[in-house]
Amino acid sequence: MKKTSETESLTAEIILSEYESLYRMAYTYVHNENDAMDIVQESACKAITKCHTVKPQYLKTWLYRITINTAIDLIRKNKKEVIGIEDYEYGSEDSYRDFDTLDALNVLSPREKQVIILRFFEDLKLSEIAEILNENLNSVKSLLYRSLKKLKAELSEGESYYGK
């Protein structure tokens with residue numbers, strides 16, 4: 001019983017310390033402030049409820065994984081309700097947004113987008129990303145390289161299109 005309450009306390013501490021990063025990550029998926037807050041809250045509830053099933057050293061990466069899955073679940077649910085992902089493009093603006101870069105992310109596959117978001121928006125190490133995505137470290141490295149190449153091509157194309 002004592003160990004469970006210690007794990008719950010540790011999980012709550014991690015949630016509080018990572019709250020803004022989790023919110024930003026959720027926001028990059030749904031482009032809507034309210035949905036992003038709902039995702040983080042739902043993820044926090046799931047984490048506290050199930051934290052006893054995870055070793056303490058994996059709680060942080062596990063929490064990111066829950067948040068990603070919750071965001072993807074919300075997108076799928078809304079797609080089924082015929083709202084469509086395109087409707088999220090017009091959500092409230094967040095202060096850290098770089099419109100060209102965020103628009104360029106749309107050329108990436110969901111896996112590629114996850115790696116870019118976790119690496120550059122959340123400043124996680126590649127080993128942490130590999131753990132969150134349950135991937136081999138070398139797979140994450142090649143995914144990151146391929147994603148950056150696609151982004152560079154997309155952003156370069158945009159510059160030439162606008163005559164920059």
Side-chain angles (χ1 to χ4, degrees), residues 1-79 85 88 91-98 101-151:
M1 183 66 99
K2 185 179 179 187
K3 190 169 187 163
T4 301
S5 64
E6 288 175 10
T7 306
E8 286 175 2
S9 296
L10 180 59
T11 304
E13 286 177 31
I14 293 170
I15 291 168
L16 291 174
S17 69
E18 298 295 317
Y19 190 86
E20 288 183 33
S21 293
L22 294 169
Y23 168 79
R24 282 192 310 269
M25 186 176 57
Y27 186 88
T28 59
Y29 279 88
V30 295
H31 304 286
N32 179 290
E33 287 181 18
N34 293 329
D35 286 344
M37 287 172 43
D38 288 345
I39 288 166
V40 174
Q41 289 174 357
E42 185 177 334
S43 300
C45 287
K46 288 177 184 178
I48 289 175
T49 305
K50 303 282 185 180
C51 66
H52 63 280
T53 64
V54 178
K55 292 181 181 178
Q57 66 265 31
Y58 300 121
L59 284 172
K60 181 179 173 183
T61 54
W62 180 67
L63 182 58
Y64 275 93
R65 184 75 242 160
I66 291 171
T67 306
I68 290 170
N69 288 338
T70 304
I72 291 169
D73 289 346
L74 179 70
I75 291 169
R76 286 182 184 144
K77 178 183 162 214
N78 287 340
K79 255 185 169 179
I85 292 177
Y88 287 108
S92 300
E93 180 180 333
D94 198 0
S95 59
Y96 75 95
R97 291 191 72 168
D98 175 353
T101 305
L102 288 177
D103 287 343
L105 287 177
N106 292 329
V107 302
L108 302 177
S109 73
R111 282 183 63 222
E112 293 168 335
K113 190 185 265 190
Q114 286 175 342
V115 171
I116 293 294
I117 290 168
L118 293 171
R119 177 67 187 104
F120 296 105
F121 289 65
E122 302 309 324
D123 202 29
L124 295 178
K125 296 176 185 172
L126 292 176
S127 59
E128 292 175 314
I129 296 169
E131 195 174 316
I132 289 169
L133 299 178
N134 198 25
E135 294 274 350
N136 178 302
L137 180 61
N138 288 331
S139 297
V140 171
K141 288 178 182 177
S142 64
L143 201 55
L144 178 63
Y145 175 75
R146 186 171 58 243
S147 303
L148 289 172
K149 198 171 175 181
K150 278 185 181 179
L151 283 175

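Treat the numbers as computed from the prediction; the structure is a model and nothing was measured. When a residue number appears, it is its place in the shown sequence, counting from 1.
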Please table the atom pairs, donor to acceptor, closer than 3.5 Å between any side-chain atom in residues 37-46 and protein atoms at least two apart or in another chain.
from, atom 1, to, atom 2, distance (Å)
E42, OE2, K46, NZ, 3.4
S43, OG, I39, O, 2.7
S43, OG, T70, OG1, 3.3
K46, NZ, T70, OG1, 3.2

**Prompt:** Taking only residues two or more places apart in sequence, or in another chain, which ones meet I72 in a side-chain contact (heavy atoms from CB on, under 4.5 Å)?
**Reply:**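 By the side-chain contact (heavy atoms from CB on, under 4.5 Å) rule, I72 matches Y29, I68, R76, Q114.
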
To the nearest 0.5 Å, what is the distance between [atom1] ([X]) and [atom2] ([Y])?
X	Y	atom1	atom2	answer
E8	I48	CD	CD1	7.0 Å
D123	E128	CG	CD	9.0 Å
L10	I15	CG	CD1	10.0 Å
I117	T28	CD1	OG1	3.0 Å
T11	E13	OG1	CD	9.0 Å
L144	L151	CG	CG	9.5 Å

I need the minimum non-hydrogen distance between [X] and [Y], along with the two atoms involved.
X	Y	value
A36	V30	N-CG2, 3.8 Å
L63	A47	CD1-CB, 3.7 Å
I129	L118	CG1-CB, 3.7 Å

**Message:** With a 6.0 Å cut-off (strictly less than), is the heavy-atom count around OH of Y58, excluding the residue itself, greater than 12?
**Reply:**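 No, OH of Y58 has 12 or fewer neighbouring heavy atoms, counting only those of other groups under 6.0 Å.
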
**Prompt:** Do you see a donor-acceptor pair shorter than 3.5 Å between the side chains of Y64 and E18?
**Reply:**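 Y64 vs E18: donor-acceptor pair found between side chains.
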
**Message:** I need the full list of side-chain hydrogen bond (donor to acceptor under 3.5 Å, both in side chains) pairs touching residues 133-147, with sequence neighbours left out, sorted by first then second residue.
**Reply:**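 Sorted pair list: R111-E135, E112-R146.
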
**Prompt:** Quick one: are I116 and L148 in side-chain contact, heavy atoms under 4.5 Å?
**Reply:**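 SC-SC contact between I116 and L148 confirmed.
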
**Item:** 4.5 Å side-chain heavy-atom contact, W62 and E131
**Value:**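 Side chain of W62 against side chain of E131, heavy atoms only: no contact under 4.5 Å found.
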
**Item:** side chain to side chain contact (heavy atoms under 4.5 Å, CB included) between Y19 and L16, worked out
**Value:** CA-CA 5 Å; Y19 190 86; L16 291 174; 5.8 Å; no

**Asked** Do R119 side-chain atoms and L124 backbone N/O form a donor-acceptor pair below 3.5 Å?
**Response**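 Flag set: sc R119 to bb L124 pair under 3.5 Å.
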
